[in-house]
A.B. asks: 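My questions all concern the structure below.
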Amino acid sequence: MIRMTEPSKITGVPDHQPAAGGIAARARASVGPKYLTGLNPEQRDAVETLDGPVLVLAGAGTGKTRVLTTRIAHILSQGRARPSEILSVTFTNKAAREMKHRLGQMLGQAVEGMPWLGTFHSIGGRILRTHAELAQLKSNFTVLDTDDQVRLLKQLLQADNIDDKRWPARMLAGLIDGWKNRGLTPSQVPAGEAAVFANGKGGKLYASYQERLKILNAADFGDLLLEDIRIFREHPDILRQYQQRFKYILVDEYQDTNVAQYLWLRLLSQAPAKPASPTVIPGRLEEPNPESGDESSARDSGSAPSAHPGMTAVGPTKNICCVGDDDQSIYGWRGAEVDNILRFDHDFPGAKVIRLERNYRSTGHILAAASHLIAHNEGRLGKTLRTEDQDGEKVTVTGSWDSEEEARGIGEEIEQIQRQGEKLNEIAILVRASYQMREFEDRFVTLGLPYRVIGGPRFYERAEIRDALAYLRVINSPADDLAFERIVNVPKRGLGDATVQMLHDHARKRRIPLFEAARAVVETDELKPKARGSLRDVVAQFDRWRAQREVTAHTDLAQIVLDESGYTEMWQKDRSADAAGRLENLKELVRSMEEFENLQGFLEHISLVMDRDSGADEDAVSLMTLHSAKGLEFDNVFLPGWEEGLFPSQRTLDEQGRAGLEEERRLGHVGLTRARRRAKIYFATNRRIHGTWSTTIPSRFLDELPAANVEITESKGGSAWGGTGGYGASRFDDMEAFGSTYSTPGWQRAQANRNKGGSRNGGGGRGGFEEEASNFSSSSSSGPDFGSFSSRRRGPLTIEGELVAKSTGTTSEFSLSDRVFHQKFGYGRVTRIDGNKLTIAFDKAGEKKVVDSFVQRA
DNA sequence: CCAACCAGATTTTTT
DNA sequence: ATCTGGTTGG
């Protein structure tokens, strides 16, 4: 879904009158405004402390969003600020949408009047568009995504004769991103760092990349904030304007902010500057401190408010309220600085810190387990979550022989939970790495258990969407070389690399965009007749579309472009399994354009605002990574793969050492605290990674769970985890390490199993091992299945909710050798029927067992 | 210009 | 093991 709020649409609350004034007035007689009732004392404090900087440390499930939205309501109802004077930033569109929604519920239509509620990037982008000329851009600049960014860099590397094998463009993109995340413009990048790429050319490449962006009238995501920062620093008058406008600033998920976001916020919030000595921030940045510039300019503008006599004399606002949880900081690897939150009261002197520690989500055992785990971290502000809920069920820890048994066991437990009448929507499987998902998907497909994958490629990252957008971009801005290059030969028109290269040469020589180069080249005979003809058609088509733009609605125009270009046809002719999904996506794209005024408006916002809607509301198990689970909650949470190397991830440990370990631990904490009533942890002794089986040992995090709140259970996957096979080697069964307080029946049973051997076959350890080993080999014989299964993971076809079984139990309506179509596997032929379970030989995906409601007759 | 083959990588994700 | 992207051969 695409949503945006036009600033012009401010309605509902008249600006001159406090919002919800009626409520406030009505309630004043009694205990206070109605919206404050039901808040606990800390929450209420967080809402009512309006003056000065406030840091709300909101543990998981403590009502963070409620505090944020209520605080906004409070500010409005107290008449402290108008809706347009509140800056409220989130990280994701989803979070922004959620806040708008909840505000809407509290205040009626007033949300429409919150023009500055949005993501860092959308707001940063808005500000940048307003002052685009100060960044050598036009206000209609294009926002490049990662893909465009990399392609552009690749061109720069080629132009510089740099071997992009040895120095991949992706790597440079990562470096530049990292610099931008830290608020560094090309000239501010420390020389040592700039030199690491391509024998010292890194810094120069960053600079020429920025130059190219200006020529293309484009900005990347990082620029949306970085250019703002630069403008703020170089033009104190503009900064002051915003500082005066924003009477209140609210920040969600503060623990995820990076340095650039921090600087941006600091400039806007006009915190008093600290002395710019090299030691201001111990252990922060070793390099020349990028903040020093900010601090002086912040101080300058702050100390000279009278410089603009025309402006109302409003003091600098320091009313910034950041909400976050250091224990949920899991994005360090992409530039988030936990330090930002850890140092808050240092950066914003006089800050009031409020801790929300009452958890309204999880039962006692779950909360205790999560708290105990996170307590092993050192670098934290420290909170103690408490609940008034019952203890509930203990967190379970279950070992399995291998990852397949793990999936099987979880599948069975889910079916059991389902039989107890619980909703699949209340069940989630949270994995560390996405490759773990495949096993569960495979299992669920076999079981006919509806599931949905959350996360994965975003809607606007899909090839067909990006292609369609590229067409529109070229129409909108003939100078958009990247877009032109992307679609000049899509669908295939016989305009290959040679032609494009030629156009590039031409364009460079004359300093004109590729499109204009094409127009010129068509008039010459430099191209072979075939290519020349094609290219002439392309140019003519775009000219025609541009003319039509004046008289045609933008949605119709998009449809026309897709049809006339042959793009729709290209996918219609494509017989692959995901072609239908792609066409569906294209329709959705056109549909989504309706929400925008015109093509320009659509393109300006699309890259920032477009995300996948949460899909159908069909009852289904959710499958996602721990990262994408942040902010969500479920009654039942399954946490597979708690093994050393996988979780905590070896790579994180290698690259980031202790800090990495702590971040992984926070990830575990996030996982556990997603659960309302049941949290179930699993580990397997054997796991296949990159095709090879390897033996793993249980995660150290298991040892860090509090014995009193955890129960060790046996795998329900049909086989025991006991036996000397893998379990005997694990540190998890080391009583010393695990603590001696274990006395649960489960633990004792596990103990007994360990000594006796496998519980199911009752034989000696060795016997148990062999039994399992044969089990293992039979499962590995399904290897080919597996492999082909993944071939569809790529596809865009996963329209959520589509994989929902409609009925079960009836005899199949299919017959042998029926030609069928499956959303994930494509076309195939039925080779066996077993009740409602079909065995199908898929053309591409190989043979699979599938429940009949998942397929349709082809 | 296209298909078929081969080497390299392969956590996590937002905008 | 598998997916990607690039190179090679037709």
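These figures come from a predicted structure and were not determined experimentally. Side chains are part of it too, since the values below use all heavy atoms of this structure and drop only hydrogens, waters and symmetry mates.
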A.B. asks: With under 30° as parallel and over 60° as perpendicular, where do the rings of W571(A) and Y567(A) fit, or are they tilted in between?
C.D. replies: perpendicular

A.B. asks: Starting at the 5' end of DNA chain B, which residue's closest nucleotide do you reach first, K530(A) or T625(A)?
C.D. replies: K530(A)

A.B. asks: Just call it for S649(A): base, sugar-phosphate, or nothing, with non-hydrogen atoms closer than 4.0 Å on any strand.
C.D. replies: base

A.B. asks: Can you identify which nucleotide, out of dC2(B), dT15(B), dT13(B), has its nearest atom closest to the R334(A) side chain?
C.D. replies: dT13(B)

A.B. asks: Between dT12(B) and S628(A), is there an OP1 or OP2 to side-chain N/O distance shorter than 4.0 Å?
C.D. replies: no

A.B. asks: Start at the 5' end of DNA chain B and walk down; is the nucleotide closest to L608(A) or to D497(A) reached first?
C.D. replies: D497(A)

A.B. asks: Is Y331(A) stacked on the base of dT12(B), meaning ring centres closer than 5.5 Å and planes within 30 degrees of each other?
C.D. replies: no

A.B. asks: Which part of the nucleic acid, if any, lies within reach of Q436(A) when heavy atoms closer than 4.0 Å are counted: base, sugar-phosphate only, or nothing?
C.D. replies: nothing

A.B. asks: Provide, to the nearest angstrom, the distance between the CZ atom belonging to R166(A) and the P atom belonging to dG6(C).
C.D. replies: 18 Å

A.B. asks: Would you mind reading off the distance between L626(A) atom CG and dT12(B) atom C1', rounded to a whole angstrom?
C.D. replies: 9 Å

A.B. asks: Are OP1 or OP2 of dG6(C) and a side-chain N or O of K154(A) less than 4.0 angstrom apart?
C.D. replies: yes

A.B. asks: Can you figure out which of dT10(B), dT13(B), dT15(B) approaches the side chain of W333(A) most closely?
C.D. replies: dT13(B)

A.B. asks: What nucleic acid atoms does I123(A) come within less than 4.0 Å of, heavy atoms only: base, sugar-phosphate, or nothing?
C.D. replies: nothing

A.B. asks: For M171(A) and dG8(B), give me the distance from atom CE to atom C1', rounded to whole Å.
C.D. replies: 14 Å

A.B. asks: Distance check needed: dC1(B) P versus N489(A) CG, whole Å only.
C.D. replies: 7 Å

A.B. asks: Rounding to an integer number of angstrom, what distance separates dT12(B) and dG5(C) when you compare their C1' atoms?
C.D. replies: 23 Å

A.B. asks: To the nearest angstrom, how far is R666(A) atom CZ from dT13(B) atom P?
C.D. replies: 17 Å

A.B. asks: What is the distance, rounded to the nearest whole Å, between atom NZ of K180(A) and atom P of dT15(B)?
C.D. replies: 18 Å

A.B. asks: Which of these nucleotides, dT10(B), dC2(B), dT15(B), is closest to any side-chain atom of H690(A)?
C.D. replies: dT10(B)

A.B. asks: If I take atom OH in residue Y435(A) and atom P in nucleotide dA9(B), what distance separates them, rounded to the nearest angstrom?
C.D. replies: 18 Å

A.B. asks: Indicate whether H627(A) forms a stack on dT13(B); treat it as stacked only if centroid distance is below 5.5 angstrom and interplanar angle below 30 degrees.
C.D. replies: no

A.B. asks: dC2(B), dT13(B), dT15(B): which one has an atom nearest the side-chain heavy atoms of N93(A)?
C.D. replies: dT15(B)

A.B. asks: What is the ring orientation for Y682(A) with F638(A), classed by angle as parallel under 30°, tilted 30 to 60°, or perpendicular over 60°?
C.D. replies: parallel

A.B. asks: So with a 6.0 Å cut-off around CE of M502(A), is the heavy-atom count from everything else above 12?
C.D. replies: yes

A.B. asks: Report the nucleotide, chosen from dT15(B), dC1(B), dT12(B), that has the shortest atom-to-atom distance to any side-chain atom of A498(A).
C.D. replies: dC1(B)

A.B. asks: Give the rounded distance in Å between these two atoms: CE of M437(A) and C1' of dT13(B).
C.D. replies: 12 Å

A.B. asks: For F120(A), run the ring pair (Phe, Tyr, Trp, His ring centres under 6.0 Å) check against Y254(A), W264(A), Y262(A), F221(A) and tell me which one passes.
C.D. replies: W264(A)

A.B. asks: Would the number of heavy atoms belonging to other residues, nucleotides or ligands and lying under 6.0 Å from NZ of K214(A) be above 12?
C.D. replies: yes

A.B. asks: Give a yes or no on whether a salt bridge exists between K630(A) and D256(A), defined as a side-chain N under 4.0 angstrom from a carboxylate O.
C.D. replies: yes

